[in-house]
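I have placed the structure first, in the form of structure tokens, so that the comments after it can refer back to it.
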Amino acid sequence: MRKKIALIGGGQIGQILAMLAAQKEMGDIVVLDIPDYVNPVKGKALDLMEMAPHGNYDAEITGTSDYKDIAGADICIITAGKPRQAGMTREDLLTTYIKIISDVAKGIKENAPDAFCIVLTNPLDAMVYTFHQITGFPKNQVIGMAGTLDTARYRSFLAMELNVSVADIAGTVLGGHGPTMVPLPRLTTVGGVPLTDIADQDLIDRVVDRTRKAGTEIVQLFGKGSAFFSPAWSAIVIAESYLKDKRRVLPGAALCEGEYGINGLFLGVPCLISAKGVEKILQITLAEDEKARLAATLEAVQKTVDECKTYF
Ligand code: APR
């Protein structure tokens, strides 16, 4: 029996997710979107079915706006969202997003209560918190996809600067998905060689800064909309680790209950992703300056979560 993958939101990221999941033969794919957008997602699903002979995959790919169609899903990847409109305040935006995530959370809770859920919708740390509050799912069943993308960006920028294969760069980024995120150069290695032994501080600072602003850099280049290839791939990496029990250690926004001194918030931390979902949060012994940066990112996330709490 094939696995079932539900993609909630069939926009820019959702469509790339569908293509990657099909190409990797991860299972059958249902793309769910709002009724107004159901025909485009049905069209995208059909287009992908027609790509199968050359893509060399077997998968049933469908589009829907009915939550009943996600029944029995093994995994739900949530990208439902709405682009920011001109004149929208931060409050307007939060109200809109909380409404969307609430609808999605209820739909998943009623129809696919055992699915492992990966949330991508921004503001990420607050949306994954809201999703968890509304579903009441066990904490291992919910993760926010942020750190996996932030780390991919960090590794890519380092590879570009150092002119080495990105495959040889290992490192991680902690914290919230925004300008306060915490890349960890002290623990980054290039083919086993400490980054700090081969790169000067200027290079490291440049890469850290670019990583923190990477989402905005793409938005500015696009003019409209945000990144979609790299967020989709990052979510697929988490999904594969869950579906195939690969036991990858990947940064993600997980519910911390004591880890890193954090209580009751979703924050980017290294997670062991297995068939149990977020099986474990791995703890790093942080240096004093890293602890201070983590405290700052925590404060920023807490602020947005507190704003969200006023809506539900
Ligand atoms: N239920 C399901 N789908 C919804 C809902 C809803 N309640 N509301 C909106 N959508 C759909 C939209 O119709 C659209 O097709 O979600 C899709 C979002 O797609 P895009 O606007 O293209 O956004 P995308 O680039 O895919 O990003 C989605 O992920 O990284 C984040 O910041 C990004 O929050 C954004 C989200």
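Note: hydrogens, waters and symmetry copies are ignored here, and every other heavy atom, side chains too, is used. The shown structure was predicted, so the numbers you read here are calculated from the model rather than taken from an experiment. Both ligands and their constituent atoms are indexed starting at 1 by order of listing.
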Neighbour count >12 (heavy atoms, 6.0 Å) for atom [atom1], [X]:
X: K213; atom1: NZ; result: no
X: K139; atom1: NZ; result: yes
X: F222; atom1: CZ; result: yes

Review point. Among R155, R212, H177, which residue meets the side chain to side chain donor-acceptor pair (under 3.5 Å) test with D150?
Key: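 Single pass found, and it is H177.
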Identify the closest protein heavy atom to [atom]: which residue and atom is it, and at what distance?
atom: atom 2 (C) of ligand 1; answer: A80 CB, 3.8 Å
atom: atom 25 (O) of ligand 1; answer: Q12 CB, 3.4 Å
atom: atom 19 (O) of ligand 1; answer: G11 CA, 3.3 Å
atom: atom 36 (C) of ligand 1; answer: T79 O, 3.5 Å
atom: atom 5 (C) of ligand 1; answer: I34 CG2, 3.4 Å
atom: atom 26 (O) of ligand 1; answer: I13 N, 2.9 Å
atom: atom 31 (C) of ligand 1; answer: L120 O, 3.3 Å
atom: atom 9 (C) of ligand 1; answer: G81 O, 3.2 Å

Which of the numbered atoms in ligand 1 are under 4.0 angstrom from any heavy atom belonging to [X]?
X: Y37; result: 15 (O)
X: Y97; result: 34 (O)
X: T121; result: 29 (O), 34 (O)

Point to revise | Expected output: side-chain T79 to main-chain I13 donor-acceptor under 3.5 Å | key: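 A pair under 3.5 Å: no.
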Exercise for review: Without swapping roles, check the side chain of S165 against the backbone of A167 for a donor-acceptor pair under 3.5 Å.
Suggested key: yes
Point to revise | Shortest non-hydrogen contact between C117 and F137, atoms and distance | key: SG-CE1, 3.8 Å
Exercise for review: Specify the closest pair of heavy atoms between L267 and V301, including all atoms of both residues, with the distance to one decimal.
Suggested key: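 That closest heavy-atom pairing would be CD1-CG2, 3.5 Å.
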**Study point:** Test item: protein heavy atom less than 4.0 Å from atom 7 (N) of ligand 1
**Key:** yes
Review point. In Å, rounded to the nearest 0.5 Å, how long is the span from CG of L255 to CG of N140?
Key: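 CG of N140 is found 10.5 Å from CG of L255.
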Exercise for review: Would you indicate which of V31, L124, D33, N122 comes nearest to atom 34 (O) of ligand 1 when only heavy atoms are counted?
Suggested key: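 Closest candidate by heavy-atom distance is N122.
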